[in-house]
There are 2 protein chains.
Amino acid sequence: MFEEILKDFKDFIRKKGLKYTSEREEILEEILSIDGHFDVEELYQRLRQKNKKISKPSIYRSLPLFIEAGYIQEVYRHEGHSHYEVTINKTPHLHFICLCCGKVEEIIDPELERLIRTKEAEKGFKLLTYHLESFGICETCQKVGNYHPRYGRKG
Amino acid sequence: MFEEILKDFKDFIRKKGLKYTSEREEILEEILSIDGHFDVEELYQRLRQKNKKISKPSIYRSLPLFIEAGYIQEVYRHEGHSHYEVTINKTPHLHFICLCCGKVEEIIDPELERLIRTKEAEKGFKLLTYHLESFGICETCQKVGNYHPRYGRKG
DNA sequence: CTATATGCAAAACCTTTGCACGATA
DNA sequence: TATCGTGCAAAGGTTTTGCATATAG
């Protein structure tokens, strides 16, 4: 089921005059098999568990390629590092991210996409990846009385 | 013209049982005087130029307070560090950020705000700050032939 | 054979933290 | 006077980079 994407990636790499390596392929395959969000550490561990000993620098060096190719996007930062998600076959959506518990809610809305695409065209901007993020406090944390993590509960 | 906000901030601080210090006031004043986006380094330098020797840790410690109070938001990450903007008296808007040159275009659209607010209400989410970011390549860089900065120009 | 990629170790960098001192309420 | 904040220096942790080796085209 990933063949199409791998083929597309091979094309992408060659068009850029770069090399199609087994590491890049394996990283991409692993990413495509992830359901939901991921970060570099998680990706690294998943690969190791499958005895694919790929270094973190290689992962870090490959991610911008996948972003540029349009397969993934960096969606937000939490606890000092970046989180990514697969964008292929995904409807563009908005994230509500809770600053207290880190919970992420995905909001899908066709109107939203239409709006973004319209603006993109107007501005002559070539969209590679897009983030629509709202940070705040989720319903649960509001009830418990949590506020911003750094300053703990409200007084 | 900032009196209102400073007063509001004083209230905010006291309600939280914290202390209203000259450092916090000076940082906030400086931020409010900035037109557009800023990062910690820039803020630090601006304060130094005015002989306000406020340490970076103090700046880092104050920003979450301003975010929570609703005065600023962290809008995006570029070149390894966070960028912020003042949200007071600002219409919510979408950012188109160029991955090559870092240029940011602000797109204002009332429909967009309505959409977000509706979703917010639906989900019971308390919005503190919001990012609406699209990363891509701007018209100029497309013409020049620039792509993702890490991989330079396209071959 | 040449250009590019990988892995390791180390560097770089932003951001956070411990601690002693100083300021606020 | 007790609590909280500041500044310094150092730590922490993610991401990047230099370099030698390996691999793709």
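Convention: sequence-line order gives letters A, B, ...; per-chain numbering from 1.
Ion pairing between A:K10 and A:E25 fails under the 4.0 Å rule for side-chain N and carboxylate O. Using a 4.0 Å cut-off between charged nitrogen and carboxylate oxygen, A:R117 and A:E120 count as a salt-bridge pair. At a threshold of 4.0 Å, the pair A:R77-B:E74 does not count as salt-bridged, since none of the basic side-chain nitrogens sits closer than that to a carboxylate oxygen. Ion pairing of B:R114 with A:E111 is present here, as a side-chain N (NZ or NE/NH1/NH2) and a carboxylate O approach within less than 4.0 Å.
Protein atom CD1 of B:I27 is 12 Å distant from nucleotide atom P of D:dG5, rounded to whole Å. Look at CD on B:E23: it is 11 Å from P on D:dC8, rounded to the nearest Å. Straight-line distance from the CG atom of B:L65 to the P atom of D:dC4: 13 Å, rounded to whole Å. The distance between atom CD of B:E79 and atom C1' of C:dC14, rounded to the nearest whole Å, is 13 Å. In this structure, CG of A:L63 is placed 12 Å from P of C:dT6, rounded to the nearest angstrom.
Below 30°, between 30° and 60°, or above 60°: for A:Y76 and A:H83 the angle between ring planes is below 30°, a parallel geometry.
Of the candidate nucleotides D:dT17, C:dA5, D:dT14, C:dA5 has the atom lying nearest to any side-chain atom of A:R24. In the set D:dT14, C:dT16, D:dT6, D:dT14 carries the atom at the smallest distance from any side-chain atom of A:Y60.
Of the two residues contacting DNA chain C, namely B:E41 and A:S55, the nearest-nucleotide position lying further toward the 5' end is that of A:S55.
Here the two rings, on B:F66 and B:Y84, have centers that are 6.0 Å apart or farther.
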Under 3.5 Å, which protein N or O atoms sit close to an N or O of nucleotides 19-25 of chain D? Give each pair with its distance.
residue: D:dA24; atom: N3; partner: A:K19; partner atom: NZ; Å: 3.0
residue: D:dG25; atom: OP1; partner: A:R14; partner atom: NE; Å: 3.3
residue: D:dG25; atom: OP1; partner: A:R14; partner atom: NH2; Å: 2.9
residue: D:dG25; atom: OP1; partner: A:Y20; partner atom: N; Å: 3.4

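Scanning residues 44-53 of chain B for heavy-atom distances under 4.0 Å to DNA chain C yields an empty list.
Distance CD/B:E26 to CD/B:E30: 9.5 Å, rounded to 0.5 Å.
Between its opening and closing five pairs, the helix from C:dC1-D:dG25 to C:dA25-D:dT1 changes axis direction by 40°, a value rounded to 10 degrees.
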